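One structure is given below, encoded as structure tokens.
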Amino acid sequence: MAEINLAETLQLVADTIVESLGFDVAVINLLDDDRQAMVVAAVTGPEELRATLLHRRQGLKGWAQLLAASEPWGRLRFLDHAKSTVDPADILSWIPDLPISDDPNAWHPEDSLFAPLEAPDGRQLGMLSVDVPRDGLRPDASTRHALEALAVTASLAIQHATLAAESRRVSARFRAVFDASPIPVGLLGADRCVVSLNDAFCRFLARPREDVVGHNPLEFTHPDDVGSGLAILHAMRSDCSDAADAAPVEKRYLLPDGSVVWARLHLAALRSPDEPDMLISQLEDITDRKRAEARLLQQAHFDTLTGLPNRANSMRRLRAALEADIEAGTLTAVFFCDVDRLKLVNDAHGHAVGDAYLQEIARRIQATVRSDDTVGRLGGDEFVVVLPAVGSPTEALGLAGRVIDAVRQPLRLGGEGFSPSVSLGIAYAAGASSTPDEMLAQADTAMYRAKTEDRGSWRVHDTAVKNSAVSQLQLRSDVAAALELEQFVLHYQPIVRLSDRKVMGYEALLRWQHPTRGLLAPAAFLDVILDSEYETPVTDWVLRQACRDAARRPRDQRRVNVNVSSIQVGRRDLPDLVLACLRDSGLEAGDLVLELTEDRLLSRPDGAELLDRLRSLGVSIAIDDFGTGYAGLQYLQRFPHINIIKLDRSFIAGLWQDEVSEHIVRGVVDIAHSCGLTMVVEGVETAEQAEFVRQLGADAAQGYYFGRPEPYAELHE
């Protein structure tokens, strides 16, 4: 739309008045920018009058006197010479030379008719005045109404032009600030592509303007940070709330040479009722800060020579693994590795070669162990390997052998050949009483045995050997006594509905109150029970006790989850046992959830039939540790009887550390809901994790954030 020309429009209004309303003179005055005087902006009449009045200024005092002396004619004001006591020369800038008539309705030279020009909010804009009616008479009502309408037209023209001028001034100021700002600033269109950007933005991305305009900023974003970029753009979509800003995010951008820069991205919405919404993007360059933080983090948590976790970091990870053991019933192992004869290498070839020697050994150890294991450097020639969630002591022994073999491979450095080796000690967690320092000391003791007896080999700490081998025979005989003497106990961990944080049930977790070894987690004894003659009686006891405890809880918290191995699911009498437990306890079938914890059900041709028999009782079936091993999509495909999935805690632990974990969690939630399943997230340990999975749509969660496993009595005190 073309911009209005105020002078031309006002002159057109004055001309129209003269041509159509029968006046010889029409004058339009505007309030100046300082609002101190009126300035004549348009004149229609004799040329000498136009030359006299156009651009003439008159103080507001004179106009105030004129208004005070006049009388209202609707929206118009009329100065009647016969009624005014003010000297006309004091208030009128021009008096026409007209004959004076005795007719009371005749127009007198000292009469004046004018219309205040006002904005819709009442602000004064100017004044429209007319003079010398051609018929010599005061105007009639129809003429006055027409004059009022033309006054409104003039007011609108003035307001429109004023707003347009102000808009141009604001736009010019914005463009000047935009272009000169040292802060990278860009405008994104409705398609979220760059419409305009300043020089600072180009310099930050190290790209010319033409390579950025028309492109989505995500094209220049580091792949690992695309998700955060999508999230903030989604938060600023036009159908969101009217909030003008989104919380800033820190993300990385790729330069043309492949290097990375960091920025704190601020997005604000520019909303318009007439045009598609735009976004203004501001980048705060935080590259130097991020690099400094990375250096400090590396120095605080990682070894400067090998890049491996240092002692403190390694011990933190060992402590976390031990805490996870208690909740998940897994087993943690520790390797203490000492490089053999490093002093000879340093003495013969210098410390530079010795450092390269250590770096290669560190690389070999790290390449051998599992992806979830931690390889750390304790200092000097000592390394530690933390192995969480080991399936069995045998698995750890196999990994120890592979580490020994990998390090033993011939090595050449600086033209010299070497035959490196490490002596390795192994320690296992001994129930809930194990501490990181104790385990490391036990592994260290075992390592010295290996170095003394057979350098370049591994040894297991004596106590751990007894617990994992000889002691298992004793444990096997102790199980019978444990059942008879009621040494097995159940601890319960709450399962919380995320929508309102209300406890909706509990998972029953088996513990053994051993008379001499204290409270044992499942990792210490479960291998002895599973696939033995004790598995069935222990399962029977757990089911019966869990149902009894659940039936004593408040009605809305009676749901209880019980882990059942696939061997037990295959029992022909299991449905009868479940039914008996429900009847004896008074627990309703809908309050019992059976969690499948093993993968062997997949290999059974009658797996679907087995689950169908249980579901027919009205109990629920859940997949535990969903996403690990076989416990995943094959269950959903093979067994439609399943109605609950529990996402393994490893994916929650990976949130905000790797983008894949976030995508997996989001994908599993979508799969669960698409299949009509209830989604439970395990391992939630922080408020941030709880809120994140709630926003993703997960139905429920459990973990240390909501409560640790506790005995029934302590839970319901």
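It should be emphasised that the depicted structure is a prediction, and the values quoted were computed from it without experimental measurement.
Note: Leu218 CG to Tyr253 OH = 8.0 Å, rounded to the nearest 0.5 Å. Atoms CG and CD1, from Leu53 and Ile28 in turn, are 13.0 Å apart once rounded to the nearest 0.5 Å. In this structure, CG on Leu647 lies 10.5 Å from CG on Leu696, to the nearest 0.5 angstrom. Rounded to the nearest 0.5 angstrom, Phe302 CZ and Ser314 OG are separated by 9.0 Å. Once rounded to the nearest 0.5 Å, the distance linking CG of Leu150 with OG1 of Thr16 reads 6.5 Å. Summarising the geometry, atom SG belonging to Cys337 is positioned 4.5 Å from atom CD1 belonging to Ile365; distances are rounded to the nearest 0.5 Å.
With no hydrogens or angles considered, no side-chain donor-acceptor pair links Glu685 and Gln689 at under 3.5 Å. Judged purely by distance below 3.5 Å, without hydrogens or angles, the side chains of Asp699 and Thr678 never pair a donor atom with an acceptor atom.
Nearest approach of Pro208 to Cys202, heavy atoms of both residues: C-SG, 4.4 Å. Between Pro420 and Ile361, the shortest heavy-atom distance links the atoms CB-CD1, 4.1 Å. Shown here for Leu188 and Pro217, the closest heavy-atom pair between the two residues is CD2-CG, 3.8 Å. Contact record, Gly186 with Phe201: N-CD1, 3.7 Å, taken as the closest heavy-atom pair. Closest approach of Leu498 to Ala698, counting heavy atoms only: CD1-O, 3.4 Å. In terms of heavy-atom proximity, Leu254 sits nearest to Pro223 at CD1-CD, 3.9 Å.
Looking at Arg412, its side chain does come within 3.5 Å of a backbone N or O of Gly415 through a donor-acceptor pair. The closest donor-acceptor contact from the side chain of Arg370 to the backbone of Pro388 lies under 3.5 Å. The closest donor-acceptor contact from the side chain of Arg207 to the backbone of Leu205 lies under 3.5 Å. Under a 3.5 Å cut-off, the side chain of Glu118 and the backbone N or O of Ser155 do not form any donor-acceptor pair. Side chain of His673 to main chain of Gly697: a donor-acceptor pair is present (N/O by atom type, distance under 3.5 Å, no hydrogens or angles). Although no hydrogens or angles enter the test, the distance criterion places no donor-acceptor pair under 3.5 Å between the side chain of Asp355 and the main chain of Ala352. Of the possible donor and acceptor atoms, one in the side chain of Asp325 sits under 3.5 Å from a partner among the backbone N and O of Thr332. Under a 3.5 Å cut-off, the side chain of Glu219 and the backbone N or O of Asn216 do form a donor-acceptor pair. In this structure, Arg56 contributes its side chain and Val40 its backbone to no donor-acceptor pair below 3.5 Å. Of the possible donor and acceptor atoms, none in the side chain of Asp303 sits under 3.5 Å from a partner among the backbone N and O of Gly376.
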Exercise. For Tyr357 and His349, run ring-ring contact (aromatic ring centres under 6.0 Å, His included): C-alpha distance rounded to whole Å, both residues' side-chain angles, the deciding distance at 0.1 Å, then the answer.
Key: CA-CA 10 Å; Tyr357 188 85; His349 303 282; 9.1 Å; no

Does Gln359 form a side-chain contact (heavy atoms from CB on, under 4.5 Å) with Leu305? I'd like the steps, not just the answer. CA-CA 7 Å; Gln359 289 171 331; Leu305 176 64; 3.4 Å; yes

Show your working on side-chain contact (heavy atoms from CB on, under 4.5 Å) between Leu318 and Val334 and close with a plain yes or no. CA-CA 8 Å; Leu318 175 55; Val334 171; 3.5 Å; yes

query: Yes or no on salt bridge (charged side-chain N to carboxylate O under 4.0 Å, His left out) for Asp121 and Arg123, after CA distance, side-chain angles and deciding distance?
result: CA-CA 6 Å; Asp121 60 3; Arg123 287 181 299 107; 2.9 Å; yes

Could you go through the side-chain contact (heavy atoms from CB on, under 4.5 Å) check for Val375 and Val369 one step at a time? CA-CA 8 Å; Val375 179; Val369 299; 3.7 Å; yes

(Q) As a quick check of understanding, evaluate side-chain contact (heavy atoms from CB on, under 4.5 Å) for Val353 and Glu416, giving each step before the final call. (A) CA-CA 10 Å; Val353 173; Glu416 295 290 335; over 6 Å; no

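Salt bridge status for Asp199 with Arg209: present, with a side-chain N to carboxylate O gap under 4.0 Å. With respect to the salt-bridge test (charged N to carboxylate O, under 4.0 angstrom), the residues Asp32 and Arg57 qualify. Salt-bridge annotation for Arg319 and Glu323: absent, with no side-chain N of the basic residue lying under 4.0 Å from a carboxylate O of the acidic one. Using a 4.0 Å cut-off between charged side-chain N and carboxylate O, Lys251 and Asp225 make no salt bridge. The existence of a salt bridge linking Glu360 and Arg364 is confirmed by a sub-4.0 Å separation between a basic side-chain nitrogen and an acidic carboxylate oxygen.
Inter-residue side-chain proximity for Arg377 and Asn310 is flagged as unmet; no heavy-atom pair is nearer than 4.5 Å. Asp373 has its side chain within reach of Leu399: a pair of non-hydrogen atoms, C-beta onward, lies under 4.5 Å apart. Taking 4.5 Å as the limit, every side-chain heavy atom of Val213 sits out of range of all side-chain heavy atoms of Ser196. Side-chain contact between Leu255 and Val261 is present, with heavy atoms from C-beta onward closer than 4.5 Å. In this structure the side chain of Gln366 reaches within 4.5 angstrom of the side chain of Leu308, judged on heavy atoms. Using a 4.5 Å heavy-atom cutoff, the side chains of Leu265 and Ser281 are in contact. In this structure the side chain of Ile623 never reaches within 4.5 angstrom of the side chain of Ile644, judged on heavy atoms. Val384 places none of its side-chain heavy atoms less than 4.5 Å from the side chain of Phe336.
For the side chain to side chain contact (heavy atoms under 4.5 Å, CB included) test with Met679, the passing option among Val665, Val693, Ile671, Val669 is Val669; the others fail. With Val339 as reference, Leu358 is the one residue of Val345, Leu358, Val407 to meet the side chain to side chain contact (heavy atoms under 4.5 Å, CB included) rule.
Using cut-offs of 30° and 60° on the angle between ring planes, the pair Phe220 and His215 is tilted.
With sequence neighbours excluded, the residues that form a side-chain contact (heavy atoms from CB on, under 4.5 Å) with Leu31 are Arg35, Met38, Leu60. Remark: Arg264 engages Pro248, Glu250, His266, Glu284, Ile286 in a side-chain contact (heavy atoms from CB on, under 4.5 Å) (not counting sequence neighbours).
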